[in-house]
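One structure is given here, and the rest of the page talks about it.
In what follows, chains carry the letters A, B, and so on, assigned in the order in which the sequence lines appear, proteins first and then strands, with residues in each chain numbered from 1.
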Protein chains: 2
Amino acid sequence: MRPTVNDIAKAAGVSLATVDRVLNARSGVTEKTVQRVNAAIDQLGYVRDVTAANLARQRRYRLAFVLPEAPELFVATLREALSEAGRSSAADRTEIRTLSFPAGNPHALVRTLRTLNAGNTDGVAIFAPETPHVRDAIARLKSDGVPIVALVSDLPSTGRDHFVGIDNIAGGRTAGFLMGKFHGKSGGSVMVLVSSMQARDNVERRLGFDQVMAESFPEIEVLPSLESHDDEEITARVVSEVLDARPDLTGIYSVGHGSRALVEVLRTHHRARQLTIVAHELTSVTREALRSGVIDAVVSQDVGHVVRSALRVLRAKSDGVGIVPAQERIRIEIVVRENLS
Amino acid sequence: MRPTVNDIAKAAGVSLATVDRVLNARSGVTEKTVQRVNAAIDQLGYVRDVTAANLARQRRYRLAFVLPEAPELFVATLREALSEAGRSSAADRTEIRTLSFPAGNPHALVRTLRTLNAGNTDGVAIFAPETPHVRDAIARLKSDGVPIVALVSDLPSTGRDHFVGIDNIAGGRTAGFLMGKFHGKSGGSVMVLVSSMQARDNVERRLGFDQVMAESFPEIEVLPSLESHDDEEITARVVSEVLDARPDLTGIYSVGHGSRALVEVLRTHHRARQLTIVAHELTSVTREALRSGVIDAVVSQDVGHVVRSALRVLRAKSDGVGIVPAQERIRIEIVVRENLS
DNA sequence: TTGTAGGCGTTATCAG
DNA sequence: CTGATAACGCCTACAA
């Protein structure tokens, strides 16, 4: 039987209240008594029952997730993971609110952020691009004492408390490694399709990709980035053009969160099968494309882990306690046809 | 504020005890009152506070993990994950006991299992080969009402309640896919090194590997399995012999849980760099081998996930409640130089 | 068949 | 500075 506060109160010859005071480092206890209690604590090997503590404390965490209203399927999977987490969050005394803003509309985002304050929110997780407006809105929240974590794409300039997501440079490196290894040794060129060079995660991935290609696969030519802005028409046109113009093309790296248009084009293009395609994020589209052999590899992050990590971190920050960094590291996952779920 | 049992008691015009009875589906309540209470429950949207329930119930889970005393580093990582889980298990009211038996000694294993019974254990997780002795010992435990899960290597003939680990056929397929894709198009042959054909997981992996190689990479010759029995000397000799005898060798697939001896040989062999090496399980050895380029890819399972899943499943079985299969699926992870943690 | 009262391990209020 | 005492949300004898 684990020792309880009662046991250590008895052992130290003090009352429950006093034990609680030293346990929670509250003032108003003689140094002498503190010593006695602490002695009893580690003599009996006491560890506090967190669930009982939370019960008594009546602690609730009101957390807000701010996500773009974007066409990319990835955001949808993130939303799904969030509502999944919401179902079991009652057990953690956590209330999750999901706020949306139209993608690419910083003003709407700022308006959304304005509705949040220390009085109604214990922590905010944000998946948004890093613009000046956003930076200011976050600064206000932070100075109001609300913990902030950046989701998927980092917001370093905002002074966010933490970033939850993969190391995107390493993610790009991983994509590059797979591209090079799958490619064979024949030379050729690789097309790089980004969603937007405004998005920090896209830029970092491209950087990592270029590093590895230059270091380890110099015989492959990496073409300049093409921005699709997640527009299906643009993507279709651009990809077709390059496929026609570059008969030496042997691979395509899709950097952004969405690959629907790319997959669409490839599905009907006669050269698709000879190309090595590497994309990011596992969604219904990339999943199906892996299965049918259109895409060769996906570099992904587990949205469930992302959401749960954000929740843990926000609760910890809100309590002013530390986190275990190793536990919050989001893995860079590689998915191919054969390890698909 | 979430509604509590008190609220629904009030709403239904009954006492706490009655609410509790219908909540836990206990007998001794009129159909009529049951209806009234249930009506109140889903009218107020009540969900029980599991932590408070567990606190009141004083439920404890005494779980045992039975692991081999084996030289493979993989078992060490599993042990580590287990003791890691042990540190935070107090919060889950779970007591974890780790029992060891000398690898390859079924009698010792059976003796170990004999010390367990329904009186001292609420669930057992076993990582062991499938032998008749083991089957009987497990049958006894099961008929005693103790839930059993197989760990890493399945024990289907024992009637275990659940298997926690990767689908090893798919794991072998994944290894085959990587071998084929990394290999280039030049033909050649691949050596397959198993730890023992007695181990079910090894057999299943080999099976999956062969499937993919035959389906998708028929130009590569897959050599017969070589059994190392996790003996470093045997491994060293066998690998060297094949390297000398088969100049057309282009790859090695290490099927077992241990790759130390293989890595050792390769580190000094002049042909190592031209070979594609695929191994299983991320350990300090394979990690370092990935980093230095000796191994190209590792197919792995997260031992942390394995342990946590086993704990969840055993608790659920012990409570006689269902599990969420999707949540308990262990991912087949692919690790290369660039996504190494 | 139903209700009362006490307890699970912790925190928090209010006297002393 | 310290100690009773009453919560927190739920479970469970025991009594009615």
Stepwise side chain to side chain contact (heavy atoms under 4.5 Å, CB included) check, B:Ile323 with B:Gln327:
CA-CA 8 Å; B:Ile323 61 176; B:Gln327 200 187 341; over 6 Å; no
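Closest approach to the A:Ala17 side chain among C:dG9, C:dT13, C:dT10 is made by C:dT13 (side chain taken as heavy atoms from C-beta onward). Nearest to the side chain of A:Ser15, among C:dA12, D:dG3, C:dG7, sits D:dG3. With distances taken from any side-chain atom of A:Thr30 to the nucleotides D:dC1, D:dC10, C:dT10, the minimum falls on D:dC1.
Contact annotation: A:Asn54 does not reach the phosphate of D:dC8 (side-chain N/O to OP1 or OP2, under 4.0 Å). When the side-chain nitrogen and oxygen atoms of B:Thr33 are compared with OP1 and OP2 of C:dT1, none of them lie within a distance under 4.0 Å. Within the structure, every side-chain polar atom (N or O) of B:Gln58 is placed at least 4.0 Å from both OP1 and OP2 of D:dC10. Contact annotation: A:Thr18 reaches the phosphate of D:dG3 (side-chain N/O to OP1 or OP2, under 4.0 Å). Within the 4.0 Å cut-off from OP1 or OP2 of D:dC10, not a single side-chain nitrogen or oxygen of B:Thr51 is found. Residue B:Arg48 places at least one side-chain N or O under 4.0 Å from the OP1 or OP2 atom of D:dC11. Phosphate contact (OP1/OP2 of D:dG9, side-chain N/O of B:Thr4, threshold under 4.0 Å): absent.
In this structure, the CZ atom of A:Arg59 is 18 Å from the C1' atom of D:dG9, given to the nearest Å. Distance, A:Lys10 NZ to D:dG3 P: 14 Å, rounded to whole Å. Per the geometry, CZ belonging to B:Arg26 stands 14 Å off C1' belonging to D:dC14, to the nearest Å. Summarising the geometry, the separation between CG on B:Leu23 and P on D:dG9 is reported as 15 Å, rounded to the nearest angstrom. Note: CG (B:Leu16) to P (D:dC14) measures 19 Å, nearest angstrom. Taking atom CG on A:Leu55 and atom P on D:dC10, their separation rounds to 9 Å, with Å as the unit. Atom CG in B:Leu44 sits roughly 14 Å away from atom P in D:dG9 (whole-Å rounding). What separates CG of A:Asp49 from P of C:dG7 is a distance of 18 Å, to the nearest Å.
Taking the ring axis of A:Tyr61 as reference, the NZ or CZ atom of A:Arg59 stays within 45° of it and closer than 6.0 Å to the ring centre.
When heavy atoms are screened at a 4.0 angstrom cut-off, B:Val14 is found touching the sugar-phosphate backbone but no base atom. Within 4.0 Å of A:Val5, counting heavy atoms only, lies at least one base atom of the nucleic acid.
Contact of the B:Leu67 side chain with the B:Leu151 side chain is registered, since non-hydrogen atoms from C-beta on lie closer than 4.5 Å.
With hydrogens and angles ignored, a donor-acceptor pair closer than 3.5 Å exists between the side chain of B:Arg21 and the base of C:dG3.
Of the residues listed (B:Val37, B:Thr18, B:Leu16), the one engaging B:Ile8 in a side-chain contact (heavy atoms from CB on, under 4.5 Å) is B:Val37, and it is the only one. Paired with A:Gln301 under the rule side chain to side chain donor-acceptor pair (under 3.5 Å), one option of A:Glu281, A:Arg331, A:Glu333 passes, and it is A:Glu281.
Nearest-nucleotide positions on DNA chain D for A:Ser27 and B:Asp20 put A:Ser27 closer to the 5' end. In terms of position on DNA chain C, the residue among B:Arg57 and B:Gly28 whose nearest nucleotide sits closer to the 5' end is B:Gly28.
Using a 30° and 60° split on the angle between ring planes, A:Phe127 and A:His257 fall in the perpendicular class, above 60°.
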